[in-house]
Amino acid sequence: MESPGTYIKREREYRGISLEKMHESTRVPLKNLKALEQDRFDLLPAPAFIRGYIKAICKCLGLDETDTLLRYEMYVRETSLQVMPARDEELPQEKRPFSLNSKNIVTVLVVIGVIIIIAFYFVISGKSRFEPLRGDKAPTAPQTDSAEKVEEAPPGPADLSPPQEAKPAEVKSAPQGPGHVLKVKALEDVWIKTTLDGGEPFEVLLKEGEEVEWTASENFSLVIGNAAGVSLTFDGREFPLLGEHGKVVRLSLPPEGAIDKGEGSKD
């Protein structure tokens, strides 16, 4: 899949629209338009601003907004690009990102040091409190032996065996079988947004050949960024191909398994 900057530039040139015209229509600074078409996201403001630029450009060029934003999200994940504002002074004070300067580093190190000291203190103090209890369990030495010999005596059988009450904690009950099992295999690089049993959605980016398996008690809800890029097996039943390359597909399982194909363009 081509990069979002290349895609936008190609669509703009195909329509015969210059950067200056697009700047007048979208009010996006000209230098930011050039950086976006060159995929230089490191020269642009925060990701929220970049998404706003892309939405304005899509309205100007008549492009599908969802498909173009998906291209941007997938490109950022594939290249592990850290998109940060070029200059903090371009943002309002309350929206400026946290800056880890030397003062903040010293503060963090001091806090970590204090935590380590406190943890070490509790470990040492806890050990000193419990060590006499272990001595009480050891067999009583003859009164003729010195105190040092009593401390050096090897532990009795009771000390070598685990407490009886600790045994039930080691027994783990067999896990309950899942209501539904969904296996996903990436035929191509693909982005997937998943919701299990109506819970909090999460996103994954699978490389070609990678496989994942999810379980749910009731249902799955999927948004797939490349319909031709996945192979699905639901409760042992393999699904046919969901659509064409570059198509955005929304899928609900079970029981209807209705497929809602988006309007994304093919690469």
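These numbers were taken from a predicted model, which means no experiment stands behind them.
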* Are Val184 and Leu187 in one and the same hydrophobic cluster, where Ile, Leu, Val, Met, Phe, Trp and Tyr link if side-chain heavy atoms are under 4.5 Å apart? -> no
* Structure fact -> CD (Glu24) and CG (Leu30) are apart, to the nearest 0.5 Å, by 10.0 Å
* **Side-chain heavy-atom pair Tyr121, Ile117 within 4.5 angstrom cut-off** => no
* Asked: Between CD of Glu11 and CD1 of Ile57, what distance do you get to the nearest 0.5 Å?
  -> 12.0 Å
* **Candidate pair Val204 and Val212, rule side-chain contact (heavy atoms from CB on, under 4.5 Å), full reasoning** => CA-CA 10 Å; Val204 296; Val212 294; 5.7 Å; no
* **Where Glu238 and Ser231 come nearest, the two heavy atoms and their spacing** => OE2-OG, 3.6 Å
* Okay, side chain of Asn226, backbone of Val190: is any donor-acceptor separation there less than 3.5 Å? -> no
* Asked: When rounded to the nearest 0.5 angstrom, what is the spacing between CD1 in Ile224 and CZ in Arg250?
  -> 11.0 Å
* **Side chain to side chain, Arg237 and Phe239, heavy atoms closer than 4.5 Å** => yes
* Main-chain N/O of Tyr75 paired to Thr79 side chain as donor or acceptor, under 3.5 Å -> yes
* Asked: Stepwise, does the side-chain contact (heavy atoms from CB on, under 4.5 Å) test hold for Asp39 with Thr6?
  -> CA-CA 8 Å; Asp39 296 316; Thr6 303; 4.0 Å; yes
* Asked: Donor-acceptor pair, Arg71 side chain versus Pro4 backbone, under 3.5 Å?
  -> no
* Structure fact -> Here the gap from Glu73 atom CD to Glu203 atom CD, rounded to the nearest 0.5 Å, amounts to 6.5 Å
* Asked: Of Lys9, Arg15, Arg10, which meets side chain to side chain contact (heavy atoms under 4.5 Å, CB included) against Glu13?
  -> Lys9
* Asked: So, do Tyr7 and Leu63 sit near enough that their side-chain heavy atoms are less than 4.5 Å apart?
  -> yes
* Asked: Under 3.5 Å, is there a donor-acceptor pair between the side chain of Asn219 and the main chain of Pro254?
  -> no
* Any Lys59 side-chain heavy atom under 4.5 Å of Thr26 side chain -> no
* Atom CZ of Phe202: over 12 foreign heavy atoms under 6.0 Å -> yes
* Test Asn32 against His23 for side-chain contact (heavy atoms from CB on, under 4.5 Å), laying out the working first. => CA-CA 9 Å; Asn32 290 350; His23 161 65; over 6 Å; no
* Indicate yes or no: at least one non-hydrogen side-chain atom of Val230 is less than 4.5 angstrom from one of Val249. => no
* Structure fact -> Correct closest heavy-atom pair for Gly225 and Leu70 would be CA-CD1, 4.4 Å
* Calculate, to the nearest 0.5 Å, the distance between atoms CG and NZ belonging to Leu36 and Lys31 respectively. => 14.0 Å
* Asked: Nearest heavy-atom pair of Ala216 and Asp197: which atoms, and what distance?
  -> CB-OD1, 3.5 Å
* Is there side-chain contact between Lys207 and Glu78, with at least one heavy-atom pair below 4.5 Å? -> yes
* **Inter-residue atom distance Ile8.CD1 - Cys58.SG, 0.5 Å rounding** => 6.0 Å
* To do: For residues Ala228 and Gly243, report the shortest heavy-atom separation together with the two atoms involved.
  => CB-O, 3.5 Å
* If two hydrophobic side chains count as joined below 4.5 Å and joins carry through other members, does Tyr14 share a cluster with Met22? -> no
* Fit a plane to each ring of Phe234 and Phe220, take the angle between them on a 0 to 90° scale, and name the class: parallel (under 30°), tilted (30 to 60°) or perpendicular (over 60°). => perpendicular
* Asked: Hey, does Gln38 have a side-chain heavy atom less than 4.5 Å from the side chain of Leu43?
  -> no
